[in-house]
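A short write-up of the structure that comes next.
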Amino acid sequence: MTETTPDYIGHRARLRERFLHDGGKSMADYELIELLLTYAIPRRDVKPIAKNVVRRFGSLAGAAKASVGQLTEVNGIKENTAVLLKLIQEAARRFSWAELSDTDAPVISNWDAMIDYCRTEMSHLDVEEFRVIFLDVKFKVIGEEIMQRGTINQVAIHPREVVKMAMEKKASAVILVHNHPSGDVKPSRADVEITKQIKQALEAINIALLDHIVISKYDYASLKSMQVI
């Protein structure tokens, strides 16, 4: 009696062929996750696991941004597999940062890359986070700093902390960024007030505040575009 080849073996080969054909552009999120799982889970049909991952986290991006603990709550996902999915997030983060910072062009001419980076870093966070992106005299990105993390709907930040870090980085300009986990990117009264305070503090040492960006999962707002600063 000859041993039959499991159906999933041929299916895995077809998934790889589809990915190689167009870089995965035609594949659904669960199919990309399924292909990833084939490298972590041998000798098993991983399609049901991939579909459960999407069902739980909504998308490949949502799965990559989940914690290892959350990922391992999905039946069939062990720690090694969760680490593989987390690698996607880190690779995406480094790619978007490189797109933003590995150029001599001023950030104002590469604004889409700025927004993409902020979304990659902050759009799926469960609590508010306040970051400062530092720019040199040519408005080229030279670094960033997470200044504060807060509760689900607020974060405390002091202008002197921003000023101190800007001076340490030898920045000529900064961009403020924080996220709204609620999804509503409309700046609060507190957002507007702290922005004005930080701008005033920075101007006292000749550092420009270019913008304050509010990020959510699906949208963003620019306080400069809203003429708040």
Side-chain angles (χ1 to χ4, degrees), residues 1-105 107 110-127 129 131 133 141 144 146 177 179 181 183 215-220:
M1 180 181 296
T2 59
E3 185 177 347
T4 58
T5 302
D7 291 340
Y8 68 81
I9 298 297
H11 181 60
R12 289 181 172 204
R14 288 190 293 274
L15 278 176
R16 288 193 294 271
E17 289 170 3
R18 286 184 58 196
F19 182 84
L20 291 171
H21 176 68
D22 64 357
K25 294 181 178 62
S26 64
M27 299 173 73
D29 274 14
Y30 85 86
E31 291 175 309
L32 288 172
I33 294 173
E34 184 183 0
L35 180 56
L36 279 166
L37 296 182
T38 65
Y39 294 96
I41 305 175
R43 298 180 297 279
R44 183 174 177 182
D45 180 7
V46 294
K47 180 185 286 187
I49 302 174
K51 287 189 173 182
N52 285 338
V53 169
V54 172
R55 191 174 296 114
R56 169 70 186 276
F57 301 108
S59 65
L60 174 58
K65 291 178 182 296
S67 69
V68 170
Q70 290 172 324
L71 288 166
T72 54
E73 289 174 358
V74 177
N75 187 31
I77 299 292
K78 305 300 182 184
E79 186 177 80
N80 285 347
T81 307
V83 168
L84 178 64
L85 290 168
K86 292 299 297 177
L87 280 171
I88 299 171
Q89 181 189 27
E90 182 59 19
R93 189 194 72 80
R94 294 190 184 200
F95 177 80
S96 60
W97 178 252
E99 288 286 291
L100 180 63
S101 61
D102 291 355
T103 174
D104 290 329
V107 70
N110 199 23
W111 200 247
D112 287 345
M114 169 65 70
I115 299 304
D116 286 345
Y117 175 72
C118 294
R119 281 178 169 159
T120 298
E121 285 285 274
M122 304 174 71
S123 64
H124 285 76
L125 296 177
D126 294 329
V127 297
E129 185 175 271
R131 296 185 180 219
I133 296 175
V141 173
E144 71 162 350
I146 299 172
V177 190
N179 61 306
I215 291 287
S216 76
K217 287 185 180 180
Y218 309 108
D219 203 359
Y220 78 95

note = Of all heavy-atom pairs linking L84 and A40, the shortest is CD2-CB, 4.0 Å
ask   = Atom NE2 of H124 and atom OG of S59: how far apart are they, to the nearest 0.5 Å?
value = 5.5 Å
query = Taking only residues two or more places apart in sequence, or in another chain, which ones meet E129 in a side chain to side chain donor-acceptor pair (under 3.5 Å)?
reply = R131, R149
ask   = With a 4.5 Å limit on heavy-atom distance, are the side chains of I88 and L36 in contact?
value = yes
key: CA sep, side-chain torsions, deciding dist, call: K86, E90, salt bridge (charged side-chain N to carboxylate O under 4.0 Å, His left out)   = CA-CA 7 Å; K86 292 299 297 177; E90 182 59 19; over 6 Å; no
CD on E34 to CG on L15, rounded to 0.5 Å = 4.5 Å
CZ/R93: more than 12 non-hydrogen atoms of other groups inside 6.0 Å = yes
inquiry  = With a 4.5 Å cut-off on side-chain heavy atoms, are W97 and D102 touching?
reply    = no
note = Output for pair (S123 OG, I115 CD1), nearest 0.5 Å, gives 11.5 Å
request  = State, to 0.1 Å, how close V127 and P181 come at their nearest heavy-atom pair, and which atoms those are.
outcome  = C-CG, 3.6 Å
inquiry  = A side-chain contact here means heavy atoms from C-beta on lying under 4.5 Å apart; do F95 and T120 qualify?
reply    = no
query = Are there more than 12 heavy atoms of other residues, nucleotides or ligands under 6.0 Å from atom CD of E73?
reply = yes
request  = Might you work through the side chain to side chain contact (heavy atoms under 4.5 Å, CB included) test for D22 and K25, ending with a clear yes or no?
outcome  = CA-CA 6 Å; D22 64 357; K25 294 181 178 62; 4.0 Å; yes
message = What I want to check is whether the side chains of Y117 and E121 have a donor and an acceptor closer together than 3.5 Å.
response = yes
key: Pairwise distance CD1(I215) to CG(N179) - rounded to 0.5 angstrom   = 8.5 Å
inquiry  = Quick check on side-chain contact (heavy atoms from CB on, under 4.5 Å): which of T81, I77, N75 does I49 satisfy it with?
reply    = I77
note = Residues A113 and L100: closest non-hydrogen pair is C-CD1, 4.1 Å
Separation of Q70 CD from R56 CZ (nearest 0.5 Å) = 6.0 Å
task = Could you check N52 against R55 for side chain to side chain contact (heavy atoms under 4.5 Å, CB included), going step by step and ending with a plain yes or no?
result = CA-CA 5 Å; N52 285 338; R55 191 174 296 114; 2.4 Å; yes
Partner of E31 under salt bridge (charged side-chain N to carboxylate O under 4.0 Å, His left out), chosen from R18, R16, K47, R12 = R18
remark   = Rounded to the nearest 0.5 Å, the OH atom of Y30 sits from the CG atom of L37 at a distance of 13.0 Å
